[in-house]
Amino acid sequence: AEDTGVRVELAEEDHGRKSTIALRLWVEDPKKLKGKPKDNGAIEFTFDLEKESPDDVAQEMVESGFFHELDMKIVAKSIRDRVALIQWRRERMCPE
Amino acid sequence: SANTQVVHSAGRRFIVSPVPESRLREP
C-alpha cells in the first residue's frame with residue numbers, strides 16, 4: 001500500500017465473524033497532507049465491511065472537522081487500503 | 001488528554017484518544 005502519511009489499523013482483534021470492525025486512524029506524517037489536521041490524536045470508529053464505503057467515512061471526518069476537504073481522498077485511500085488487507089486476510093482465514 | 005467523542009449527523013461516533021508515543025513517526 002502507498003505510504004499516505006495516514007495510518008489506519010484495527011482497533012481490536014478481528015476474528016472474521018462480524019461484518020462491523022473497529023478501526024483506528026491517525027496522522028503519521030502531517031507533511032503529506034494539504035490541510036492542517038485538526039487534532040493529532042488517534043480517531044477510533046466502526047466500519048461495516050458489507051454496507052459502508054471508505055469514502056463515506058472520509059467525508060464524515062471532513063464534515064466533523066478532523067481533516068481539510070483537500071485531504072478527503074488521501075484519508076479515504078488509507079482506509080480503503082486497510083479494509084482491503086482485512087478482507088484479504090479474512091478470505092485466507094476462512095475461504096467460502 | 002482524555003478521550004473526546006464526536007458524533008457525526010450520520011450517526012457514526014469518532015472517539016479521539018492520544019496516539020501512543022511509540023506510534024508517532026520520527027520527524
Side-chain angles (χ1 to χ4, degrees), chain A residues 1-12 19-33 36-69 71-72 74-76 78-79 82-83, chain B:
Chain A
E2 178 191 345
D3 179 5
T4 60
V6 176
R7 184 80 180 165
V8 180
E9 291 189 348
L10 278 163
E12 57 189 29
S19 70
T20 298
I21 55 176
L23 295 174
R24 181 179 297 119
L25 177 150
W26 70 92
V27 176
E28 265 191 336
D29 187 358
K31 293 191 293 299
K32 296 221 171 188
L33 297 180
K36 187 173 178 339
K38 178 188 132 191
D39 194 330
N40 57 7
I43 308 166
E44 191 169 323
F45 58 98
T46 56
F47 181 80
D48 188 321
L49 291 168
E50 293 172 1
K51 294 179 189 143
E52 296 177 321
S53 101
D55 296 299
D56 296 339
V57 179
Q59 184 162 351
E60 288 170 21
M61 284 183 170
V62 167
E63 289 168 356
S64 300
F66 289 110
F67 292 100
H68 191 279
E69 191 172 355
D71 295 318
M72 192 182 316
I74 200 169
V75 171
S78 307
I79 297 170
R82 176 58 63 180
V83 165
Chain B
S1 59
N3 292 358
T4 57
Q5 285 194 32
V6 173
V7 181
H8 185 269
S9 55
R12 189 185 321 269
R13 183 180 309 274
F14 295 114
I15 301 169
V16 184
S17 57
V19 178
E21 286 297 320
S22 60
R23 306 297 292 178
L24 290 174
R25 197 182 291 174
E26 291 302 321

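Please read these numbers as outputs of a predicted model, since none were measured by experiment. The chains referred to below are lettered A, B, ... by the order of the sequence lines, with proteins before strands, and numbering in each begins at 1.
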Please list, chain by chain and in numerical order, all residues satisfying side-chain hydrogen bond (donor to acceptor under 3.5 Å, both in side chains) with Glu69(A), sequence neighbours excluded. none

Apply side-chain hydrogen bond (donor to acceptor under 3.5 Å, both in side chains) to His8(B) and list each qualifying residue two or more places apart in sequence or on a separate chain. Glu63(A)

Between CZ of Arg12(B) and CG of Asp48(A), what distance do you get to the nearest 0.5 Å? 9.0 Å

Between CZ on residue Phe14(B) and CD on residue Glu44(A), distance to nearest 0.5 Å: 12.0 Å

Heavy-atom pairs under 4.5 Å with chain B are the metric here; pick the option from Asp56(A), Leu25(A), Val57(A), Thr46(A) that has the most. Val57(A)

Could you tell me which non-hydrogen atom of Gly41(A) sits nearest to which non-hydrogen atom of Val19(B), and how far apart they are? C-CG2, 3.5 Å

